[in-house]
Amino acid sequence: MSRDREAVVGRQLLAGGGEMGALIRSYDWSLTKLGAIESWSGSLRTALSICLNSRFPMVIWWGKELILLYNDAWRPILGTKHPNSLGKPGEQIWPEIWDIALIDWGLGIRG
C-alpha cells in the first residue's frame, strides 16, 4: 500500500468522534512520540476509534510514555489543560500528581 493510501486509510479508521476526532485527525502526529497516524498499530487505531465514538468519558494512555488520547466526554476532566494535553506524556500533563497516579495504576513503587 502506498504511503498516501496508508494515510487515507489511517484517517478513515478515525472517522467521526466529534470535536476530538476532528482535532486528532488534524494534529501533526509526526512531531510526537507516536509518529504519523499511518504508522500507528491497528490496536491503537481500533482502541482510539472506540474511544472517540463513545458518548462516555474515555481516555487512552498509550505506550511506555503513557501518551494521552481522549474523547469529547473526557475533555472536561482536563479543564484548562485541554487542548495542550493531546499527544503529550502523562507526566508532562499532571506532574503535580504523577507519582501518585502511577502508584494507583500499579505502575509505580511507593518510596
Side-chain angles (χ1 to χ4, degrees):
M1 188 180 301
S2 75
R3 188 169 180 90
D4 290 338
R5 176 76 178 129
E6 286 177 5
V8 169
V9 168
R11 293 188 192 291
Q12 284 175 341
L13 288 172
L14 300 177
E19 291 178 26
M20 285 309 300
L23 181 59
I24 286 170
R25 286 187 299 277
S26 69
Y27 198 82
D28 187 356
W29 291 99
S30 66
L31 301 176
T32 73
K33 292 186 184 247
L34 291 180
I37 288 177
E38 57 269 15
S39 71
W40 292 2
S41 70
S43 299
L44 175 54
R45 289 192 299 227
T46 299
L48 186 55
S49 179
I50 292 166
C51 172
L52 289 175
N53 290 291
S54 175
R55 61 188 170 114
F56 298 100
M58 292 184 75
V59 63
I60 297 172
W61 298 99
W62 193 264
K64 184 173 79 171
E65 295 87 8
L66 299 172
I67 303 295
L68 181 63
L69 303 159
Y70 52 96
N71 66 4
D72 287 343
W74 204 79
R75 238 181 21 205
I77 294 168
L78 285 167
T80 60
K81 293 178 185 259
H82 168 78
N84 295 326
S85 295
L86 181 63
K88 303 269 182 9
E91 188 172 23
Q92 287 180 17
I93 300 162
W94 273 310
E96 64 274 20
I97 63 157
W98 197 244
D99 57 336
I100 297 165
L102 290 178
I103 292 167
D104 287 348
W105 293 338
L107 300 173
I109 300 170
R110 286 192 190 269

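All values below come from the heavy atoms of this structure, side chains included, with hydrogens, waters and symmetry mates left out. Numbers here simply count residues along the sequence, with the first being 1. What you are looking at is a predicted structure, and each value in this text was computed from that prediction instead of being measured.
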**Q.** side-chain contact (heavy atoms from CB on, under 4.5 Å) evaluation trace for Ile67 with Thr32
**A.** CA-CA 9 Å; Ile67 303 295; Thr32 73; 6.0 Å; no

(Q) Evaluate Leu69 against Leu44 for side-chain contact (heavy atoms from CB on, under 4.5 Å), listing each step before the verdict. (A) CA-CA 10 Å; Leu69 303 159; Leu44 175 54; 3.8 Å; yes

Q.
Between Tyr27 and Leu86, is the side-chain contact (heavy atoms from CB on, under 4.5 Å) condition met? List the steps.
A. CA-CA 9 Å; Tyr27 198 82; Leu86 181 63; 3.9 Å; yes

Q.
Between Leu78 and Tyr70, does the side-chain contact (heavy atoms from CB on, under 4.5 Å) criterion hold? Intermediate values first, please.
A. CA-CA 10 Å; Leu78 285 167; Tyr70 52 96; 3.2 Å; yes

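The ring pair (Phe, Tyr, Trp, His ring centres under 6.0 Å) search around Trp62 returns none, not counting sequence neighbours. Residues passing the side chain to side chain donor-acceptor pair (under 3.5 Å) test with Glu19 are Arg75, sequence neighbours excluded. Listed by chain and number, the residues in a side chain to side chain donor-acceptor pair (under 3.5 Å) with Lys33 amount to none (sequence neighbours excluded). In this view, Ser30 and Asp28 satisfy the side chain to side chain donor-acceptor pair (under 3.5 Å) rule, not counting sequence neighbours. Partners of Ala73 according to the side chain to side chain contact (heavy atoms under 4.5 Å, CB included) rule, which considers only residues two or more places apart in sequence or in another chain, are Pro57, Asn71.
Clustering of Ile, Leu, Val, Met, Phe, Trp and Tyr side chains at separations under 4.5 Å places Met58 together with Ile50.
Interatomic distance, Trp29 CH2 to Ser39 OG, rounded to the nearest 0.5 Å: 11.0 Å.
Of all non-hydrogen atoms in Trp40 and Ala36, the two that sit nearest each other are CD1-O, 3.2 Å. Between Leu68 and Ser85, the shortest heavy-atom contact is CD2-CB, 3.7 Å.
In this structure a side-chain-to-backbone donor-acceptor pair under 3.5 Å is missing from Trp74 to Cys51. The closest donor-acceptor contact from the side chain of Ser26 to the backbone of Leu23 lies under 3.5 Å.
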Counting only pairs under 3.5 Å, give me each side-chain donor-acceptor contact of residues 88-97, with atom names and distances, residues two or more places apart or in other chains.
| residue | atom | partner | partner atom | Å |
| --- | --- | --- | --- | --- |
| Lys88 | NZ | Asn84 | O | 2.8 |
| Glu96 | OE2 | Lys81 | NZ | 3.3 |

